[in-house]
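Reckoned from all heavy atoms, side chains included, excluding hydrogens, waters and symmetry mates. Whatever order the structure lists ligands and atoms in, that order sets their numbers, starting from 1.
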Amino acid sequence: MYDSARRDVVPFVPLRPGQVRMYNCGPTVYDWQHIGNLYAYVVADVVRRTFEYAGYAVRQVMNITDVGHIVGDVDEGEDKMEIAAKRERKDPQALAAMYADRFFEDRHKLNIMDPTVVSKATDHIPQMIALIETLLEKGHAYVAADGVYYDVTTFPGYGTRLNPELPEERQAGARIDVNPNKRHAYDFALWRAAKPGDLQQWDSPWGRGNPGWHIECSAMSMAYLGETFDIHTGGEDHLFPHHECEIAQSEGATGKPFVRYWMHVRFLQVEGRGMHKSTGNTYVVSDLEAKGFDPLAFRLMGLNSGYRKPLNFTWRGLEDEQRRLDRWRSAIAGAALSAKATAAADADNVRQAFVAAITDDFNTPRALAVAEDAIALLSSPDRADRSRGLGLLFDIDRVLGLGLAAWCESATAIDDEAKALLAAREGARAAGDYARSDKLRDELREQGYVVKDTKEGQRWERVPVRMKKDS
Ligand code: AMP
Ligand code: ZN
């Protein structure tokens, strides 16, 4: 896998044999998560599924940021939760709960598995305070009039672990007004003294206040995964400052390596441009559904991009992926009615090609091309090929996460009443009573079964099909 710290593709070696410990930077629950945010979690989901497929036990932790995320990179901005709570006239905790619920509903629509642990920042204030105390003891932090700051000059190489050099525009005083309480322009807030009217504030050794965003992720990841763990993910915007700050905090406090592999998802763009509220091109999952798309077509689009280049979302592209999904489903349902999935043998070359693709830095575009080879098997005249194709697809889909096996099960289920109608129709056709046969076909259609007459006799399909998901 590619590691942002080494800037190279390196072999994955877990800290503990057979286990993967992974932290995903989670959502700030002050608003809907848009399709760009959700795409970042599709990628994290593929990482988890890949390791589980390979036989690892994965402990996946994701935080929910319900305090501390400031507008802009500088500490002077207002907390996003505060602004939203005032805008929507809601208590910040109620607002956070509402948007977190919506986020999980959308994740489920995209068949993203629930993390092993979901940790809310506001439930971990004592852990953050303890970590800040350690940083003060070790001389990495100082108390100022308006909070506690990290002194970046005490951590050699601050800001350069994931970035070759600090971007020019972030140099001291270049664009930001440096807070006079800070010793250095880069110093960042660990704890911010409460301002009058702050809706979220807690007691601390430094008076009432609220935690910084970066300290949340250091405290919660180490609380659930240990001082050193395997994988940490986030979007490319987290390279700086968020993850550089996490490294400075965690390694400053423990003196041990923090994360073994850093993974950053390149941003989703819309029609080649960044998504911005001001340009009105910020979409959420329900916008896709309103246009008649299955959210899983969007998941497929994400898989087809590859996480190390920007994903260009277009409606045309989404139509293509929806067509692909429909084509796959129909091929699967068709084959399943005439063949039973057989477990793919380890030696199967399609399966091996899939494993080679997905273990090459989670190369999902290549994995999809391999899946197309399995789809091709479904239209083989040879029943054994069709069985093998089904087995391969259901196996591969444990990583792709398109819910194909569950979909197939519901698409090929038939109840007794429909079975009786099909039998009656077969009888009518044998007797040459086509008027009755047509009438029975209409009846079946009403019950959700489409019947076609083929050389091998009647074939039926379920429509419309209700989706079932893995999680
Ligand atoms: P936030 O709620 O702003 O903290 O973002 C949640 C996650 O979505 C973070 O990992 C971000 O890096 C990621 N993210 C934000 N915008 C995009 C985007 N356009 N494409 C991909 N990931 C994004
Ligand atoms: Zn984070």
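Ring to ring, Tyr261 and His232 are not that close: their centroids are 6.0 angstrom or more apart. Aromatic ring centres of Tyr158 and His184 lie farther apart than the 6.0 Å criterion allows. Aromatic pair Tyr307/Tyr39: ring centres not closer than 6.0 Å. A ring-centre distance under 6.0 Å is not found for Tyr283 and Phe298.
The atoms of ligand 1 that sit less than 4.0 Å from any heavy atom of Gly26 are 4 (O). Atoms of ligand 1 found under 4.0 Å from any heavy atom of Gly235 (numbered from 1 in listed order, with element): 10 (O), 12 (O). Taking every heavy atom of Pro27 and a limit of under 4.0 angstrom, the matching atoms of ligand 1 come to 2 (O). Every atom of ligand 1 with a heavy atom of Gln33 under 4.0 Å away is listed here by number and element: 2 (O), 6 (C). Atom numbering of ligand 1 starts at 1 in the shown order; those under 4.0 Å from a heavy atom of Leu268 are 18 (C), 19 (N), 20 (N), 21 (C). Taking a cut-off of under 4.0 Å to the non-hydrogen atoms of Ala40, the atoms of ligand 1 that pass are 22 (N).
At least one N or O atom of Gly36 sits closer than 3.5 Å to an N or O atom of ligand 1. Here's the thing with Asp237: one of its N/O atoms is less than 3.5 angstrom from an N/O atom of ligand 1. Considering backbone and side-chain N/O of Asn37, one or more are found under 3.5 Å from N/O of ligand 1. Checked by distance only, ligand 1 and Lys80 stay at 3.5 Å or farther apart across all their nitrogen or oxygen atoms.
Within the model, atoms CG of Leu95 and CG of Asp66 stand 10.0 Å from one another, a figure rounded to the nearest 0.5 Å. To the nearest 0.5 Å, atom CD of residue Gln60 and atom CE of residue Met113 are 8.0 Å apart. With values rounded to the nearest 0.5 angstrom, Arg327 atom CZ is found 10.5 Å from Leu378 atom CG.
Because the distance cut-off is set at 2.8 Å, His214 fails to qualify as a neighbour of the Zn ion (ligand 2), as none of its N, O or S atoms comes that close. Taking backbone and side-chain atoms together, His238 has no N/O/S atom less than 2.8 Å away from the Zn ion (ligand 2). For residue Cys217, an N/O/S atom approaches the Zn ion (ligand 2) to within less than 2.8 Å.
The proximity of His34 to ligand 1, defined as any non-hydrogen pair under 4.0 Å, is limited to the side chain. By the criterion of a heavy-atom distance under 4.0 Å, neither the backbone nor the side chain of Gln269 is placed next to ligand 1.
Between Tyr41, Phe267, Trp32, it is Tyr41 that holds the heavy atom closest to atom 7 (C) of ligand 1.
Looking only at protein heavy atoms, the nearest one to atom 4 (O) of ligand 1 is Thr28 OG1, 3.1 Å. Summary of contacts: the protein heavy atom closest to atom 9 (C) of ligand 1 is His238 CE1, 3.5 Å.
For the pair Arg183 and Tyr142, the cation-pi test (distance below 6.0 Å, angle within 45°) is passed.
When rounded to 10 degrees, the angle formed at the Zn ion (ligand 2) by NE2 (His242) and SG (Cys25) equals 110°.
Between Phe313 and Trp315, the ring planes lie perpendicular to each other; the angle is over 60°, past the 30° to 60° tilted range. The aromatic rings of Phe51 and Phe12 sit tilted, their planes meeting at an angle between 30° and 60°.
Counting only distance, with no hydrogens or angles, the side chain of Asp230 and the backbone of Met22 share no donor-acceptor pair below 3.5 Å.
No salt bridge links Arg316 with Asp320; every basic N to acidic carboxylate O contact stays at or beyond 4.0 Å.
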